[in-house]
There are 2 protein chains.
Amino acid sequence: MKIDPKKPADLSAQIAQAIRDAIISGELIVDERLPSEAELSEQFQVSRPTVREALKRLAAQSLIRTQRGASGGAFVNRLSFEGAYSQQITTSTLLLSMNAISFDTACEARFALERACAALSAQRRTADQLATMRAEVHRQSQPGLTDEAFCASDVAFHRALVDGAGNPVLSYQLAGAVEAMQPLMNMITFTARSREAIIAFHNQIADALEDRDSTKVDTTLVELESYTRQLAQDVAQQRRNPA
Amino acid sequence: MKIDPKKPADLSAQIAQAIRDAIISGELIVDERLPSEAELSEQFQVSRPTVREALKRLAAQSLIRTQRGASGGAFVNRLSFEGAYSQQITTSTLLLSMNAISFDTACEARFALERACAALSAQRRTADQLATMRAEVHRQSQPGLTDEAFCASDVAFHRALVDGAGNPVLSYQLAGAVEAMQPLMNMITFTARSREAIIAFHNQIADALEDRDSTKVDTTLVELESYTRQLAQDVAQQRRNPA
DNA sequence: AGACTTTTAAATGTCAGACAAATAAAAATT
DNA sequence: AATTTTTATTTGTCTGACATTTAAAAGTCT
C-alpha cells in the first residue's frame, strides 16, 4: 500500500485508491480494522485531515464503516446486497434525472429485465413470495390509497416477482431500474380506471406464477408495459395541452 | 439546503446529503458552480475541513468535480453513462469477490439479462454493430491469442450485442454483470476445442442477428450459457481433483 | 468473590488558523 | 496590440487543539 509522493495534488484520492486496491485484492479482509487515522497519516506521510478525506471517499462507497471510541476505527465493510442496492438506486436515479433518459427508454429497460426474471420466477417462486404479491395486489385495490402509496405497493409487487427468480444478482440489478423509475411514476395520476386495469394485470401475473406458466407471465408483462407507456404518454400529452 | 444542528455527529454526512438532494432535485443544475468552501462553511455553520469531507464524499460518487485556482471550485457533474459504468463495474466486482457469489448465479444473471437485450437487438442492431461482432469473432479465431485477450474479445462481442438493443440503460446495467465476471472467466483455461465451440456459438448468434431472427438468438444464447457453465464446472472439478 | 460503578485511554468528529499551489483575471510593460 | 507580470481567489494540505464516544481497566460496595 504505497502512494506516489511526486504528485503533490490529489493526495487524498491516491490514498483512497491505495486502500481501495488493498480491499479489492484481499489484502484487507472483511471486518478487518484499518490502522487508526494517526497511524495512517504517519504511514503515508500526510496529515490527518488528508487521511480523513480519503476515508470519507471510501465511506461514501460504503467500502468502510467508522466507529468512534476506544477500539473504534475504520472497518472494511462486507458489501451487502442491501448496501449495493442503495448505491445502484442513487446512481440510476441520477442517470434518469440528469441525463434526460426518456421515460420510454427507462420503461423498456425495466420490463426487459423484469421479463428476464419472470421466466426464472415462474419456475422457482416460493409460496411466500406469491403470498406477498397477492397481499400487495389487495392493498392496491383498497380505496383511499394515495398515488404514492399505490406506486410503492407497485414497486413491492414487482420486487417480489423479481425476488422469485432466486438470483440476488438479478434482484440487485433490477432494484435500480425499478426504484429509479418511481419518481417518474409518481408524476402519473392514477385514475380509478387505470388502477383497476393495473390490478387486473397484477392478478393475471400472480395467477400465471401460481400455475408456473412462464409464457403467460411474459405476455402479461408485455401488455402491462405497453399500458404503462400509454399512461405516461397521456400524461405528457396533457402537459403539452392542458385542456 | 439545510442541516439539522441538533445531531452533532456525522455533520459531513448530513452536508453531503443536503447537497446531494439539491442536485437530485434539480436545485443545482449540471455544470453549476457550488459556493466556495469558505461560503459553504459559513452557510452551514461548520468548519472548512468538515465541508471538505462532505465534498470528498460527493466527489467519490462523481457527483461533483473540483478545480483549483481563481474561478475554480466545485462543479456539478453531468453523470455520464461512462462514469456510471465504472461505478457499476466496481460495485459488481466487489459484490462478486467479497460476497462469494457462485459462478453459476452470476452466469445465470448475465445470460438472463443478455437474452432480454438480444430480443431488442435482433430488431434494431445496426450494420455497424454487426460488423463489430464479426470482427471480434474473427479475432477470437486467430491462433496465438492469450486467454486474457480471448476473454476481452468475448466481452467486446457481447457488449456489441447488448449495445445493439439501442437502450443505454440496458447497456449500463449489463456492463456491470459482464465485466464483473471477467476475472472469474479469466480463470478458465480455454482449450483449442472450447474456443472453437464458443466461436461457433458466436457465429450462430451473428448469423441470427443478421437475419433478425430473435428466436434463434435466444436459443443459441441458452446453449452458450449451458456450455459456459459446463466449462466452469470442469475447471472447478479439476481444482478439486487435479489428476 | 462477584457485581456494579467510576475512571481512563484511545479513537473518531470537529474546529481554528495558516501556508502552499494553481489558475484566471487584471494590471503593467514592451 | 501583444506579451508579461502581478494579484486575488480558491482548493489542497498542514499543525495543533478540543469535544465526544466507547470499551476496557480500575476501583468500590455488597
Side-chain angles (χ1 to χ4, degrees), chain A residues 1-20 22-23 28 31-77, chain B residues 1-20 22-23 28 31-77:
Chain A
M1 220 155 63
K2 290 273 155 53
I3 59 171
D4 185 2
K6 288 164 205 159
K7 295 176 97 181
D10 282 329
L11 275 178
S12 71
Q14 282 180 61
I15 292 170
Q17 190 58 50
I19 299 176
R20 192 177 2 250
I23 293 175
L28 294 169
D31 289 336
E32 184 170 335
R33 186 179 164 286
L34 294 177
S36 73
E37 294 176 354
E39 288 170 307
L40 283 174
S41 64
E42 189 164 350
Q43 183 178 333
F44 287 117
Q45 287 291 305
V46 297
S47 71
R48 197 160 81 93
T50 304
V51 168
R52 279 183 62 77
E53 287 182 5
L55 293 180
K56 292 307 166 196
R57 292 178 117 104
L58 299 173
Q61 296 183 307
S62 50
L63 277 174
I64 61 169
R65 63 180 182 280
T66 56
Q67 207 170 0
R68 283 217 275 196
S71 78
F75 297 84
V76 178
N77 254 339
Chain B
M1 218 154 64
K2 289 273 153 54
I3 59 171
D4 185 2
K6 288 163 204 160
K7 295 175 102 180
D10 283 329
L11 275 178
S12 71
Q14 283 181 61
I15 293 170
Q17 191 59 50
I19 298 176
R20 193 178 359 251
I23 294 175
L28 295 168
D31 289 336
E32 184 171 337
R33 185 179 164 285
L34 294 176
S36 73
E37 294 175 355
E39 287 171 308
L40 284 174
S41 64
E42 189 165 349
Q43 183 178 332
F44 287 117
Q45 287 291 306
V46 296
S47 71
R48 197 161 81 92
T50 304
V51 168
R52 280 183 62 77
E53 287 183 6
L55 293 179
K56 291 307 165 195
R57 292 178 117 104
L58 299 174
Q61 296 184 306
S62 50
L63 277 175
I64 60 170
R65 62 180 182 280
T66 56
Q67 205 170 4
R68 282 217 275 199
S71 77
F75 297 84
V76 178
N77 253 339

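Note on naming: letters A, B, ... go to the chains in the order of the sequence lines (proteins, then strands), and numbering restarts at 1 for each one.
B:S62 is not listed as a side-chain neighbour of B:R65, based on a closest heavy-atom distance of 4.5 Å or more. Using a 4.5 Å heavy-atom cutoff, the side chains of B:L34 and B:L55 are in contact.
What separates CG of A:L11 from P of D:dT11 is a distance of 18 Å, to the nearest Å. The distance from atom CG of B:L55 to atom P of D:dT13 is 13 Å, rounded to the nearest whole Å. What separates CD of A:E53 from C1' of C:dG13 is a distance of 14 Å, to the nearest Å. Rounded to an integer number of Å, the gap from CZ of A:R65 to P of C:dA11 is 17 Å. In this structure, B:Q67 places its CD atom 11 Å from P of D:dT11, rounding to the nearest Å. We find that CD of A:E42 is positioned 13 Å from P of C:dA11, with the value rounded to whole Å. Summarising the geometry, the separation between CZ on B:F75 and C1' on D:dT10 is reported as 10 Å, rounded to the nearest angstrom. Put simply, CD on A:E37 is 15 Å from C1' on D:dC14, counting in whole angstrom units.
In this structure, the side chain to side chain contact (heavy atoms under 4.5 Å, CB included) partners of A:S47, at least two apart in sequence or on a different chain, are A:P49, A:T50. Residues passing the side chain to side chain contact (heavy atoms under 4.5 Å, CB included) test with A:A59, sequence neighbours excluded: A:I64, B:R57.
Between C:dA25 and B:S71, no contact under 4.0 Å exists linking OP1 or OP2 to a side-chain N or O. A close approach under 4.0 Å does not occur between any side-chain nitrogen or oxygen of A:R52 and OP1 or OP2 of C:dT12. Between A:T66 and C:dG13 there is a side-chain N or O to OP1 or OP2 distance below 4.0 Å.
A donor-acceptor contact under 3.5 angstrom links the side-chain atoms of A:R48 to the base of C:dT14.
Backbone-only engagement by A:R33 is indicated by non-hydrogen atom pairs under 4.0 Å involving sugar-phosphate atoms exclusively.
Counted within 6.0 Å of CD on B:E32, heavy atoms from surrounding residues, nucleotides or ligands total more than 12; the atom is thus considered enclosed.
The listed nucleotides are D:dT20, C:dT14, D:dC14; the one nearest the side chain of A:R68 is D:dT20.
Place B:S47 and A:A38 on DNA chain C by their nearest nucleotides, and A:A38 ends up nearer the 5' end. When the nearest nucleotides of DNA chain D are assigned to A:A70 and A:V51 by heavy-atom distance, the more 5′-ward of the two goes with A:V51.
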